[in-house]
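Reading through the structure tokens given below for one structure.
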Number of protein chains: 2
Amino acid sequence: MDPETMSIREMCDAFDVTPRTLRFYESKELLFPIREGQKRLFTRRDRARLKLILRGKRFGFSLEEIRQLLELYYVGDQQETQLKRTLEVARERLDDLERRRAELDDAIDEMKSQMGMVDDMLASLSGGQKSA
Amino acid sequence: MDPETMSIREMCDAFDVTPRTLRFYESKELLFPIREGQKRLFTRRDRARLKLILRGKRFGFSLEEIRQLLELYYVGDQQETQLKRTLEVARERLDDLERRRAELDDAIDEMKSQMGMVDDMLASLSGGQKSA
DNA sequence: AGAGAAGTTTACGTTAACGTAAAAGAGACG
DNA sequence: CGTCTCTTTTACGTTAACGTAAACTTCTCT
């Protein structure tokens, strides 16, 4: 009823995951739904987190790595040294991501050239005329 | 002795993997070392494949997905329809990769803005002067 | 009250991708 | 010949990330 929160089923439909998955993520401290009696109520914060979790998974991060990343997003009021450490970790992660992107670019290029070769093979099979 | 082939240990040292991993990849038909008696000899082809395998893993592909991708790199002399199908699969994979890259770019941007916020918090803690 | 739908806890099962230990063969060397 | 070192096969163990089934509560509706 509260437009701010969602039931477990609403979450599942919205994000295409199973209840088991949401409970599992809670047990691993990736989500923190509040309770109304027995029932879980997922907040806006949980939805934002889940979105990041699913994205992280698509890049091959483990749930534990994702959990650590999520901490960066909800820093809170910590001490300065803690914040500096957090910032360091964040920069490392960012470098991680940018290295991945560079590799991904390479992979895409290689794949495109591979496909060019396949195109050529097809052309030589159907057409017969070679480009050289 | 043959500069063209490498022993299992040489492979492990060169790629920083364990013998178990190489044997496992062979059992899953990702690598095809030749045999000299009992011993495995890894060829140039195996080295090229292993490089692609390790890259694929870094992007969160499963070994089975990687195996299918590798087929694209070693097409051989198949029929035209087979080649066309192969090409289709390759294009799908390429789209996959480019979607991933787009998402990765978003993630990097978001992370950068997050880090900007952390920077601001640090500045306000040490300096005191706010930027607004 | 009875039935059904949605949610909960508890707990065993499953798949992927190796780790790790045991037992044995094959070549090199003093 | 005996001992190393490298490699092999066989096979049970492990972790991550859920799946799946069983046995309750708790509402809601007729």
Side-chain angles (χ1 to χ4, degrees), chain A residues 1-43 46-47 49-71 93 96, chain B residues 1-43 46-47 49-71 93 96:
Chain A
M1 292 242 176
D2 187 345
E4 290 292 307
T5 68
M6 290 173 66
S7 76
I8 197 167
R9 182 110 306 278
E10 290 170 331
M11 285 291 279
C12 293
D13 293 347
F15 291 92
D16 193 36
V17 294
T18 71
R20 170 63 170 141
T21 298
L22 295 179
R23 297 193 191 105
F24 183 73
Y25 289 169
E26 182 185 3
S27 79
K28 292 303 175 105
E29 304 189 73
L30 289 162
L31 297 178
F32 305 96
I34 56 180
R35 294 302 179 103
E36 184 185 60
Q38 278 277 68
K39 315 291 174 73
R40 289 168 174 80
L41 289 183
F42 295 84
T43 67
D46 291 313
R47 297 194 286 276
R49 277 175 164 262
L50 183 52
K51 194 175 161 190
L52 292 172
I53 293 169
L54 297 179
R55 168 183 291 171
K57 291 204 55 180
R58 265 173 264 130
F59 289 112
F61 286 113
S62 74
L63 289 185
E64 175 54 23
E65 288 172 324
I66 292 173
R67 198 187 58 73
Q68 292 173 27
L69 280 172
L70 282 176
E71 285 179 5
R93 286 306 178 186
D96 246 42
Chain B
M1 292 244 173
D2 188 344
E4 291 292 308
T5 69
M6 290 173 65
S7 77
I8 197 167
R9 182 110 306 275
E10 289 169 334
M11 284 290 281
C12 293
D13 293 347
F15 291 92
D16 193 37
V17 295
T18 71
R20 170 64 171 141
T21 298
L22 295 179
R23 297 193 191 105
F24 183 73
Y25 289 170
E26 182 185 4
S27 78
K28 292 303 174 107
E29 304 191 74
L30 289 162
L31 297 178
F32 305 95
I34 56 181
R35 294 302 178 103
E36 185 185 58
Q38 278 277 68
K39 315 291 174 73
R40 288 170 176 81
L41 289 183
F42 295 85
T43 67
D46 291 312
R47 296 194 286 276
R49 278 176 164 262
L50 183 53
K51 193 175 161 190
L52 292 172
I53 293 170
L54 297 179
R55 169 183 290 170
K57 290 204 56 179
R58 265 173 266 132
F59 290 112
F61 287 111
S62 73
L63 289 185
E64 175 54 22
E65 288 172 325
I66 293 173
R67 198 186 58 73
Q68 291 174 26
L69 279 172
L70 282 176
E71 285 180 4
R93 285 306 177 185
D96 247 41

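Sequence lines set the chain letters: A, B, ... in the order given, protein chains first and strands last, and positions in each chain run from 1.
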Check the phosphate of [N] against [X], side-chain N and O only, distance under 4.0 Å to OP1 or OP2. Yes or no?
X	N	value
B/K57	C/dA16	no
B/Y25	C/dC18	yes
A/T21	D/dA17	no
B/K39	D/dT9	no
A/R35	C/dT9	yes
A/T18	D/dG19	yes

Which whole-number value in Å describes the distance from [X] [atom1] to [N] [atom2]?
X	N	atom1	atom2	answer
B/E36	C/dG27	CD	P	10 Å
B/L30	C/dA16	CG	P	13 Å
A/E29	D/dA16	CD	C1'	17 Å
B/L22	D/dT7	CG	C1'	13 Å
B/M11	D/dT7	CE	P	12 Å
A/E26	C/dT9	CD	P	8 Å
A/D16	D/dG19	CG	C1'	15 Å
A/M6	C/dA6	CE	P	15 Å

Point to revise | Rounded distance [0.5 Å steps], CZ in A/F15 versus CE in A/M6 | key: 6.5 Å

So what does [X] touch, heavy atoms closer than 4.0 Å: a base, only the sugar-phosphate, or nothing?
X	answer
A/R9	sugar-phosphate
A/R23	base
B/R40	sugar-phosphate

**Study point:** A/M11 side chain reached by A/R47 side chain, heavy atoms, under 4.5 Å
**Key:** yes

Practice item. Please tell me which of B/S7 and A/F61 maps to the more 5' nucleotide of DNA chain D, matching each residue to the nucleotide holding its nearest heavy atom. Key: B/S7

Point to revise | Heavy-atom closest pair, residues A/L22 and A/C12 | key: CD1-SG, 3.8 Å

Exercise for review: Could you give me the CA-CA distance, side-chain angles and deciding distance for B/E26 and B/R23, then say whether salt bridge (Lys or Arg N to Asp or Glu O under 4.0 Å) is met?
Suggested key: CA-CA 5 Å; B/E26 182 185 4; B/R23 297 193 191 105; over 6 Å; no

**Study point:** Over 12 non-hydrogen atoms of neighbours within 6.0 angstrom of CD in B/E10
**Key:** yes

Check your understanding: Choosing from C/dA17, D/dT8, D/dT20, which nucleotide comes nearest the side chain of A/R20?
Key -> D/dT20

